[in-house]
Visitor: 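The structure's right below; bear with me while I get my questions together.
Quick note on labels: first sequence line is chain A, next is B, and so on, each numbered from 1. These values consider heavy atoms only, across backbone and side chains, with no hydrogens, waters or symmetry-generated copies.
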Protein chains: 2
Amino acid sequence: VTGSDVLLAEIREQPAVLDRLRGEQGAAVAELGRRLAAEPPRVVRMAGHGTSDNAATFAVYAGALIANWTAMRDSISLAVYHGLERDARGDLAIGLSQSGETPDVVRWLQAMRTGGALTVAVTNDPGSTLAADADVVLALGAGEERSVAATKTYTAQLAILARLAAHGAGQGRAFDEALGVTAERATGVIAELEPRMAEAAASVAAATSTFVVGRGLEYATAREVALKLTELCQIAAVALTTTDLAHGPVAAVDPGVPVWVSLADDPVLPAALEAVSRVKAAGAPLLAAGPAAASVRDADRVFAVPPAGHAVLGPLLSVLPGQLFARALAEAKGLDPGAPRNLRKVTSAL
Amino acid sequence: VTGSDVLLAEIREQPAVLDRLRGEQGAAVAELGRRLAAEPPRVVRMAGHGTSDNAATFAVYAGALIANWTAMRDSISLAVYHGLERDARGDLAIGLSQSGETPDVVRWLQAMRTGGALTVAVTNDPGSTLAADADVVLALGAGEERSVAATKTYTAQLAILARLAAHGAGQGRAFDEALGVTAERATGVIAELEPRMAEAAASVAAATSTFVVGRGLEYATAREVALKLTELCQIAAVALTTTDLAHGPVAAVDPGVPVWVSLADDPVLPAALEAVSRVKAAGAPLLAAGPAAASVRDADRVFAVPPAGHAVLGPLLSVLPGQLFARALAEAKGLDPGAPRNLRKVTSAL
């Protein structure tokens with residue numbers, strides 16, 4: 001069994017992980033959601049690194065679209081290194097760490113508790129330090145993640161954060177059904193797209209840099225796909241909103257720089273498509289993913305996914321082609337996607 | 001006069017622009033600051049694209065460190081494209097646009113006004129649409145910026161946002177003196193470092209990608225330097241916090257990928273240095289800038305800047321070597337830094 005096999009197996013586990021989150025295991029989310037429905041948070045503060053920070057990016061949009069929460073990716077360094085005492089009364093503070101042992105996320109959540117926030121740990125290890133310190137623990141229940149590159153813990157984080165908003169908005173039951181539909185469709189997406197990735201990856205295997213773009217909910221997907229590409233493929237992947245790409249960095253786009261775009265069929269789409277058209281004008285190989293991938297004119301590859309059971313759950317499906325593509329591109333480059341260079345799974349010293 | 005000359009002239013104008021902001025022209029900031037001192041904002045929401053978004057990143061830290069504000073880079077798409085009605089009563093909403101005509105920033109500020117926020121336009125054109133719609137206009141007074149790559153409008157934005165927090169914390173007078181000291185030192189930094197850049201740029205001229213890192217206040221500098229490199233040098237520059245680089249993307253670092261690190265002598269420094277040591281272990285050419293540049297062991301180039309007049313103003317100096325280096329690298333690559341490919345100054349259609 002190679003590292004690449006392990007990664008693929010974990011990608012394929014995602015539908016089952018998502019489906020489990022609706023049941024018994026998801027009761028803690030429903031309970032916290034009811035509490036938040038009765039007393040909505042002033043602000044939702046979130047903190048995490050890497051993939052966890054990308055999940056928080058998703059939750060900024062999900063929390064707003066579902067429950068009209070004002071949610072933010074909070075600064076860790078202000079509370080932890082500068083020791084700034086934050087008045088967080090009335091706030092919901094969510095610390096995100098797969099291992100539950102990321103030191104500055106642990107310290108950030110402690111600081112939020114001191115500041116008066118209701119604290120929540122979202123972690124794959126309910127026995128971790130982060131969990132021990134939190135008022136409420138929301139477990140990912142994703143099982144051991146052996147790959148250095150997070151996949152199933154990412155989509156589990158998205159599902160939990162979206163469910164929390166839905167239960168907080170009194171829409172928990174319908175949303176959980178939508179999650180079940182989404183999990184089922186995820187199985188189909190993986191089965192359909194995985195065999196197409198080797199050819200697509202081979203077509204851009206020489207690239208040493210790439211731009212990955214999306215907007216709104218799909219900006220989170222863009223950030224996560226960029227991180228997978230950077231970790232697994234030794235490629236400098238710049239994540240941007242579609243608009244920010246068009247405002248400046250498009251200067252760096254040319255036929256040697258593929259652009260991955262993740263698009264949903266939502267109100268942001270027209271502006272995103274207009275921005276993407278400039279990328280194509282610059283001659284970049286264009287790989288389009290997401291529920292609205294087919295809307296991109298002249299895309300070189302289209303990895304469409306079906307609509308999710310609820311529009312906000314779209315990123316659970318649209319990240320799948322990105323995960324699969326990153327694995328395939330690593331292989332096309334002769335790298336082992338199971339053992340990224342210079343890395344270890346839990347960074348404990350920082 | 002070439003585009004490169006124009007860019008250099010604008011970089012050199014920055015000390016004068018900053019100095020002007022302390023005087024008559026800065027009265028509007030002082031007045032708004034007094035108002036905020038009496039009634040502190042619940043949350044500070046900010047919106048802008050590109051360089052303006054990087055200035056907002058700075059203000060997240062500056063507002064917290066000076067006035068203990070909770071400040072955030074708000075989502076534009078939620079309010080503008082999704083039409084979400086935000087309850088922004090008690091909030092301060094700051095729209096950032098050099099031209100004052102960026103359409104979705106204009107629409108975002110209108111939405112914040114509808115939501116009950118006190119609205120502020122930070123723009124170089126007090127006659128712009130953004131200014132016309134705002135409760136308060138804070139003009140950059142930077143004079144016409146001819147280069148596509150923003151430089152003097154960026155540092156002017158930083159100075160205005162930091163002054164607003166200082167006046168909001170009742171420290172306006174001392175802070176304005178510190179800004180004067182900083183402006184004076186900026187002149188020295190530019191004079192000293194500019195002649196060193198051609199050689200440094202030549203040493204990494206073959207690079208097609210780079211990572212630019214910082215943490216805390218200097219994370220804003222990292223984002224802005226990365227944007228300049230991407231726009232001017234056709235290089236994929238990935239901006240990350242030092243910790244996020246060490247957690248994953250360090251896998252993409254090797255001797256062909258230079259890393260630019262911007263460091264301040266602040267409580268974040270030990271963690272940042274630990275992260276940077278892994279970059280060096282991966283064999284990357286390491287270019288260190290900022291007030292704490294000399295703390296980086298084994299840096300290939302050190303572009304130290306003196307301490308600013310106030311610690312929070314450090315990024316006004318530490319961005320200068322990045323601006324100068326981006327110009328020099330463009331020239332080393334045979335590009336015209338005055339005319340980046342695929343770009344125009346104001347993006348009006350998005």
Visitor: Quick check against the 3.5 Å criterion: does Asp244(B) have a side-chain atom that pairs as donor or acceptor with the backbone of His49(A)?
Guide: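 Between the backbone of His49(A) and the side chain of Asp244(B) there is no qualifying donor-acceptor contact (under 3.5 Å).
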Visitor: Who wins among Ala252(B), Ala236(B), Ala226(B) for the most heavy-atom pairs under 4.5 Å with chain A?
Guide: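 Option with the top pair count is Ala252(B).
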Visitor: Can you tell me which portion of Ile235(B) sits under 4.5 Å from chain A's heavy atoms? Options are side chain, backbone, both or neither.
Guide: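 For Ile235(B), the backbone is the part near chain A, not the side chain.
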Visitor: Check each atom of Val43(B) against the heavy atoms of chain A and say whether the ones under 4.5 Å are side chain, backbone, both or neither.
Guide: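 The side chain, not the backbone.
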Visitor: If every non-hydrogen atom of Gly248(B) is compared with every non-hydrogen atom of Glu231(A), which pair is closest and at what distance?
Guide: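 Gly248(B) and Glu231(A) have their closest heavy atoms at CA-OE2, 3.6 Å.
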Visitor: Please look at Ala281(A) and chain B and tell me whether the side chain, the backbone, both or neither of the residue comes under 4.5 angstrom of a heavy atom of that chain.
Guide: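 No part of it gets close to chain B.
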Visitor: In terms of heavy-atom pairs under 4.5 Å, which option from Val60(A), Asp254(A), Leu269(A) contacts chain B the most?
Guide: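 Among the listed options, the one with the most contacts to chain B is Asp254(A).
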Visitor: With the threshold set at 4.0 Å, does a side-chain nitrogen-carboxylate oxygen contact exist between Arg215(B) and Asp104(A)?
Guide: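 Judged by the 4.0 Å cut-off on N to carboxylate O distance, Arg215(B) and Asp104(A) do form a salt bridge.
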Visitor: Looking at Asn68(A) and Glu85(B), would you say the former's side chain and the latter's main chain have a donor-acceptor pair under 3.5 Å?
Guide: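 Such a contact is found between Asn68(A) side chain and Glu85(B) backbone.
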Visitor: Among Asp74(B), Val253(B), Val257(B), who wins on heavy-atom pairs under 4.5 Å with chain A?
Guide: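 That would be Val253(B).
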Visitor: Report the residue from Arg73(B), Met72(B), Arg45(B) that forms a side-chain contact (heavy atoms from CB on, under 4.5 Å) with Met72(A).
Guide: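 When side-chain contact (heavy atoms from CB on, under 4.5 Å) is applied between Met72(A) and each of Arg73(B), Met72(B), Arg45(B), only Met72(B) qualifies.
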Visitor: Hey, does Thr102(A) have a side-chain heavy atom less than 4.5 Å from the side chain of His247(B)?
Guide: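 Side-chain contact under 4.5 Å: yes.
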Visitor: Can a donor-acceptor pair be found between the side chains of Thr208(A) and Thr208(B) at a distance below 3.5 Å?
Guide: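 Yes, Thr208(B) and Thr208(A) have a side-chain donor paired with an acceptor closer than 3.5 Å.
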Visitor: Within the structure provided, determine whether Tyr61(A) and Leu84(B) are in side-chain contact (heavy-atom separation under 4.5 Å).
Guide: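 Not in contact.
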Visitor: What's the spacing between Leu240(B) CG and Leu227(A) CG if we round to 0.5 Å?
Guide: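 Going from CG on Leu240(B) over to CG on Leu227(A), the span is 8.5 Å.
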Visitor: Under 4.5 Å from any heavy atom of chain A, what part of Ala88(B) do you find: side chain, backbone, both or neither?
Guide: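 No part of Ala88(B) comes within 4.5 Å of chain A.
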Visitor: Give, as side chain, backbone, both or neither, the part of Arg42(B) having an atom under 4.5 angstrom from any heavy atom of chain A.
Guide: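 Both backbone and side chain of Arg42(B) come within 4.5 Å of chain A.
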Visitor: Sort Thr70(B) into side chain, backbone, both or neither according to what part of it lies under 4.5 angstrom from a heavy atom of chain A.
Guide: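 It is both, since atoms from each part get that close.
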Visitor: Val238(B) versus Thr230(A): any side-chain heavy-atom pair under 4.5 Å?
Guide: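 When only atoms from C-beta onward are counted, Thr230(A) and Val238(B) do not touch, as no gap falls below 4.5 Å.
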Visitor: With the side chain counted from C-beta on, respond yes when Tyr219(B) and Ser77(A) share a heavy-atom pair under 4.5 Å apart, and no when they do not.
Guide: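 Side chain of Tyr219(B) against side chain of Ser77(A), heavy atoms only: no contact under 4.5 Å found.
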Visitor: Given a strict heavy-atom distance threshold of 4.5 Å, which part of Ala71(A) is in contact with chain B: side chain, backbone, both, or neither?
Guide: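 Backbone of Ala71(A) only, per the 4.5 Å heavy-atom cut-off to chain B.
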Visitor: Using non-hydrogen atoms and a 4.5 Å limit, figure out which bit of Asp266(B) sits close to chain A: side chain, backbone, both or neither.
Guide: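 Side chain only.
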